Engineer: 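Just dropping this structure here.
All values below come from the heavy atoms of this structure, side chains included, with hydrogens, waters and symmetry mates left out. The model shown is predicted, which means the values in this text are computed figures rather than measured ones.
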Amino acid sequence: MKTQVLDEHQIDIAAAILKDGGVVGIPTETVYGLAADALNGEAVAKIFQAKGRPMDNPLIVHVAAFDDIERFRLVREIPDSAKLLAKAFWPGPLTMIMKRTDVIPSEVSAGLDTVAIRFPSHPVAQAVIRAADTPLAAPSANLSGSPSPTTARHVLNDMDGRIDAVLDGGASAVGVESTVITLATEVPCVLRPGGITVEELREVLGEVEVDDAVLHRLAEGAVAASPGMKYKHYAPKANVLLIKGSDEAYIDYVNAHAADDVCALCCDEDLLLLRTKTVSLGRRNDYLTHARHLFDCLRRIDENKTIRTVYSRLPSTEGVGLAVYNRLIRAAGFEVIDLETV
């Protein structure tokens, strides 16, 4: 398997693989996806096998136009709220959950009566979907639980020998997975934060709730209605610990625990103050940059085999910061050191 550089010929090759029931790594504006024909249950099962992903974790179906939802009869009914959101945010990093039809295989929906649908903005993703002439199921193209891939090289590091091909569309612009909102409840509810913020969704729909599992561990026995809710995700091999406290308290704590096997996941303003290995997400309040850099930073930490512990700032929950918080709290297995209560 090798990385493919985008041109029409390579798009056609990828489409042929997908039509034949294969699996292809494709770029999107959020992260790279592991794509298979969403209407072919046997093909979709190969995604779970390649990733080592639990079968009770639903997938997102990617389309190349809003009209594809009706064309392929993916949902029972398109609510008005979906039309409003699509007009505002599609194509883009927003996934909408609606009641599915029987066209959707159980492998995609994890046995739920709903399906998650997204129209990505990346031109390569759109071209592949159109050429394959079918919606594509495409979770992140990484081994289950590890940091998501934002470059073709990341995909190859995890998936070489496990899938049929990878298309190289450059680095992902958003850097974290799409915002997921369910429209199958009385009040629309965000199940996973991403590049489209809760505040932006409320500007379009008015009332929008945020599921408790966005910030906390999913309740014991609860069913995951969206990817990214149930399991420990996004984690490097090193142990991630989140630090809650002031800027000064974070610096002091990390310096007190500095060691050869310790790394600080920090901000640019911290670099000259820390006395240990550092990886920076960007300037302190630049949450868009933090999101874009997060998974690459976690993978860079993995490349340093000596690092055993990562001390990260607890991110803000404002705007896109909520998406970074959601990913890091799961990468840390919900371990937070609260310096404000010490």
Engineer: Please report the C-alpha distance between Phe89 and Leu201 in whole Å, then the side-chain angles of each, then the deciding distance to 0.1 Å, and finally whether the side chain to side chain contact (heavy atoms under 4.5 Å, CB included) criterion is met.
Structural biologist: CA-CA 9 Å; Phe89 302 117; Leu201 294 170; 3.9 Å; yes

Engineer: State, with a plain yes or no, whether a side-chain heavy atom of Pro193 is found less than 4.5 Å away from one of Val198.
Structural biologist: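 No; the side chains remain at least 4.5 Å from each other.
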
Engineer: Between the side chain of Tyr311 and the main-chain N/O of Cys266, is any donor-acceptor distance below 3.5 Å?
Structural biologist: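 Not at all, since once roles are kept as given, no pair shorter than 3.5 Å links the two residues.
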
Engineer: Going through the checks in order, is the side chain to side chain contact (heavy atoms under 4.5 Å, CB included) test met by Arg308 and Asn239?
Structural biologist: CA-CA 6 Å; Arg308 297 288 179 268; Asn239 185 38; over 6 Å; no

Engineer: Show every donor-acceptor pair shorter than 3.5 Å between a side-chain atom in residues 81-88 and any protein atom, with sequence neighbours excluded, or say none if there are none.
Structural biologist:
none

Engineer: Run Asp158 and Arg299 through salt bridge (charged side-chain N to carboxylate O under 4.0 Å, His left out) and show every step you take.
Structural biologist: CA-CA 11 Å; Asp158 281 16; Arg299 284 180 174 265; 3.0 Å; yes

Engineer: Is a side-chain donor or acceptor of Ser172 paired with a backbone partner of Gly175 at a separation under 3.5 angstrom?
Structural biologist: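 Between the backbone of Gly175 and the side chain of Ser172 there is no qualifying donor-acceptor contact (under 3.5 Å).
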
Engineer: Would you say Phe48 and Leu59 make side-chain contact, with heavy atoms under 4.5 Å?
Structural biologist: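 They are in contact (side-chain heavy atoms under 4.5 Å apart), so the answer is yes.
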
Engineer: Please round to the nearest 0.5 Å and tell me the distance separating atom OH of Tyr325 and atom OG of Ser316.
Structural biologist: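 Separation between the atoms: 10.0 Å.
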
Engineer: Mind listing the closest non-hydrogen atom pair of Leu242 and Ala332 along with its distance?
Structural biologist: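 Looks like CG-CB, 3.9 Å.
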
Engineer: Closest approach of Asn142 and Gly145, non-hydrogen atoms and distance?
Structural biologist: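 Taking every non-hydrogen atom into account, ND2-N, 4.4 Å.
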
Engineer: Write down the atom of Pro105, the atom of Asn40, and the distance for their closest heavy-atom approach.
Structural biologist: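 Distance-wise, the nearest heavy atoms are CG-N, 4.1 Å.
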
Engineer: Look up atom CG in Leu281 and atom CG in Leu265, then write down how far apart they are to the nearest 0.5 Å.
Structural biologist: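 Leu281 CG to Leu265 CG: 4.0 Å, rounded to 0.5 Å.
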
Engineer: Is Tyr287 isolated, or which residues cluster with it under the ILVMFWY side-chain rule of less than 4.5 Å, directly or via members?
Structural biologist: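 Same cluster as Tyr287: Leu288, Val320.
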
Engineer: Are the side chains of Arg76 and Asp113 in touch, meaning some heavy atoms are under 4.5 Å apart?
Structural biologist: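 When only atoms from C-beta onward are counted, Asp113 and Arg76 do touch, with a gap below 4.5 Å.
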
Engineer: Thr179 side chain to Ile196 main-chain N or O, any donor-acceptor pair under 3.5 Å?
Structural biologist: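 At least one qualifying donor-acceptor pair exists.
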
Engineer: Between Arg100 and Ser109, is any side-chain donor less than 3.5 angstrom from a side-chain acceptor?
Structural biologist: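 Ser109 and Arg100 do have a side-chain donor-acceptor pair below 3.5 Å.
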
Engineer: Where is the tightest heavy-atom contact between Ser178 and Thr95, given as atom of each residue plus distance?
Structural biologist: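 What the structure gives for the nearest pair is OG-OG1, 2.7 Å.
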
Engineer: Ignoring hydrogens and angles, tell me if any N or O in the side chain of Lys244 forms a donor-acceptor pair with the backbone of Leu339 under 3.5 Å.
Structural biologist: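 Between the backbone of Leu339 and the side chain of Lys244 there is no qualifying donor-acceptor contact (under 3.5 Å).
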
Engineer: Mind checking whether Leu271 and Ile243 sit in one hydrophobic cluster, side chains of I, L, V, M, F, W, Y counted as touching below 4.5 Å?
Structural biologist: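 No, it is not one cluster - the side chains of Leu271 and Ile243 are not joined through contacts under 4.5 Å.
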
Engineer: Sequence neighbours left out, cut at 3.5 Å: what donor-acceptor pairs do the side chains of residues 11-29 make with other protein atoms?
Structural biologist:
residue, atom, partner, partner atom, Å
Lys19, NZ, Ala131, O, 3.4
Thr28, OG1, Thr30, N, 3.1
Thr28, OG1, Thr30, OG1, 2.8
Thr28, OG1, Val31, N, 3.4
Thr28, OG1, Val31, O, 2.6
Thr28, OG1, Arg118, NH2, 3.2
Glu29, OE1, Ser121, N, 3.1
Glu29, OE1, His122, N, 3.3
Glu29, OE2, Arg118, NH1, 2.5
Glu29, OE2, Ser121, N, 3.2
Glu29, OE2, Ser121, OG, 3.4

Engineer: Report, as yes or no, whether the 6.0 Å neighbourhood of atom CZ on Arg202 holds more than 12 heavy atoms from other residues, nucleotides or ligands.
Structural biologist: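 Counting other residues, nucleotides and ligands, CZ of Arg202 exceeds 12 neighbours.
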
Engineer: Quick check on side-chain contact (heavy atoms from CB on, under 4.5 Å): which of Asp68, Ile104, Ile69 does Ile117 satisfy it with?
Structural biologist: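 Result for side-chain contact (heavy atoms from CB on, under 4.5 Å) with Ile117: Ile69.
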
Engineer: Rounded to the nearest 0.5 Å, what's the gap from CZ on Arg330 to CG on Leu215? Could you check?
Structural biologist: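 Going from CZ on Arg330 over to CG on Leu215, the span is 8.0 Å.
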
Engineer: If you count the non-hydrogen atoms of other residues, nucleotides and ligands that lie under 6.0 Å from CD in Glu248, is the total more than 12?
Structural biologist: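 12 or below, so no.
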
Engineer: Once rounded to the nearest 0.5 Å, what's the spacing between atom CD1 of Ile251 and atom CG of Leu272?
Structural biologist: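 Rounded to the nearest 0.5 Å, the CD1-CG separation comes to 10.0 Å.
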
Engineer: If only atom types and distance count, is the side chain of Thr101 paired as donor or acceptor with the main-chain N or O of Arg73 below 3.5 Å?
Structural biologist: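 It does hold such a pair.
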
Engineer: Between Pro149 and Val155, which heavy-atom pair has the shortest distance, and what is it?
Structural biologist: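 Minimum heavy-atom separation between Pro149 and Val155: CB-CG2, 3.8 Å.
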
Engineer: Starting at CD1 of Ile181, measure out to CG of Asp211 and round the result to the nearest 0.5 Å.
Structural biologist: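 Separation between the atoms: 11.5 Å.
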
Engineer: Which heavy atom of Ile47 sits nearest a heavy atom of Ala35, and at what distance?
Structural biologist: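 Answer, listing the atom of Ile47 first, then Ala35: CD1-C, 4.3 Å.
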
Engineer: Evaluate side chain to side chain contact (heavy atoms under 4.5 Å, CB included) for Met159 paired with His154, printing each intermediate quantity in order.
Structural biologist: CA-CA 9 Å; Met159 290 292 146; His154 293 164; over 6 Å; no

Engineer: Give every residue pair that meets the side-chain hydrogen bond (donor to acceptor under 3.5 Å, both in side chains) criterion with at least one member in residues 125-139, sequence neighbours excluded.
Structural biologist: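 side-chain hydrogen bond (donor to acceptor under 3.5 Å, both in side chains) check on residues 125-139 returns Asp37-Thr134, Arg71-Asp133.
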
Engineer: In residues 183-191, what donor-acceptor pairs under 3.5 Å come from side-chain atoms, sequence neighbours left out?
Structural biologist:
residue, atom, partner, partner atom, Å
Thr185, OG1, Val187, O, 2.7

Engineer: Could you give me the CA-CA distance, side-chain angles and deciding distance for Ile60 and His62, then say whether side chain to side chain contact (heavy atoms under 4.5 Å, CB included) is met?
Structural biologist: CA-CA 6 Å; Ile60 293 172; His62 294 67; 3.6 Å; yes

Engineer: Kindly state each residue pair satisfying side-chain hydrogen bond (donor to acceptor under 3.5 Å, both in side chains) with at least one member in residues 249-275, sequence neighbours excluded.
Structural biologist: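 Sorted pair list: Asp268-Ser280, Glu269-Arg283, Asp270-Arg284, Asp270-Arg313.
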
Engineer: Take atom CD of Glu70 as the centre, draw a 6.0 Å sphere, and report whether it contains more than 12 heavy atoms from other residues, nucleotides or ligands.
Structural biologist: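 Atom CD in Glu70 is not crowded, with 12 or fewer foreign heavy atoms closer than 6.0 Å.
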
Engineer: So how far is it from Trp90 CH2 to Met96 CE, rounded to the nearest 0.5 Å?
Structural biologist: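 Here the interatomic distance stands at 3.5 Å.
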
Engineer: With a 4.5 Å heavy-atom cut-off, do Glu177 and Pro139 have their side chains touching?
Structural biologist: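 They are not in side-chain contact.
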
Engineer: Would the distance check show the side chain of Ser140 and the main-chain N or O of Ser148 forming a donor-acceptor pair, the cut-off being under 3.5 Å?
Structural biologist: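 Checking the backbone N and O of Ser148 against the side chain of Ser140, no donor-acceptor pair under 3.5 Å is found.
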
Engineer: With a 4.5 Å cut-off on side-chain heavy atoms, are Glu200 and Val204 touching?
Structural biologist: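 In short, these two side chains do not touch, never coming nearer than 4.5 Å.
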
Engineer: Just wondering, do Pro315 and Leu328 contact through their side chains at under 4.5 Å, heavy atoms?
Structural biologist: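 Sidechains of Pro315 and Leu328: in contact.
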
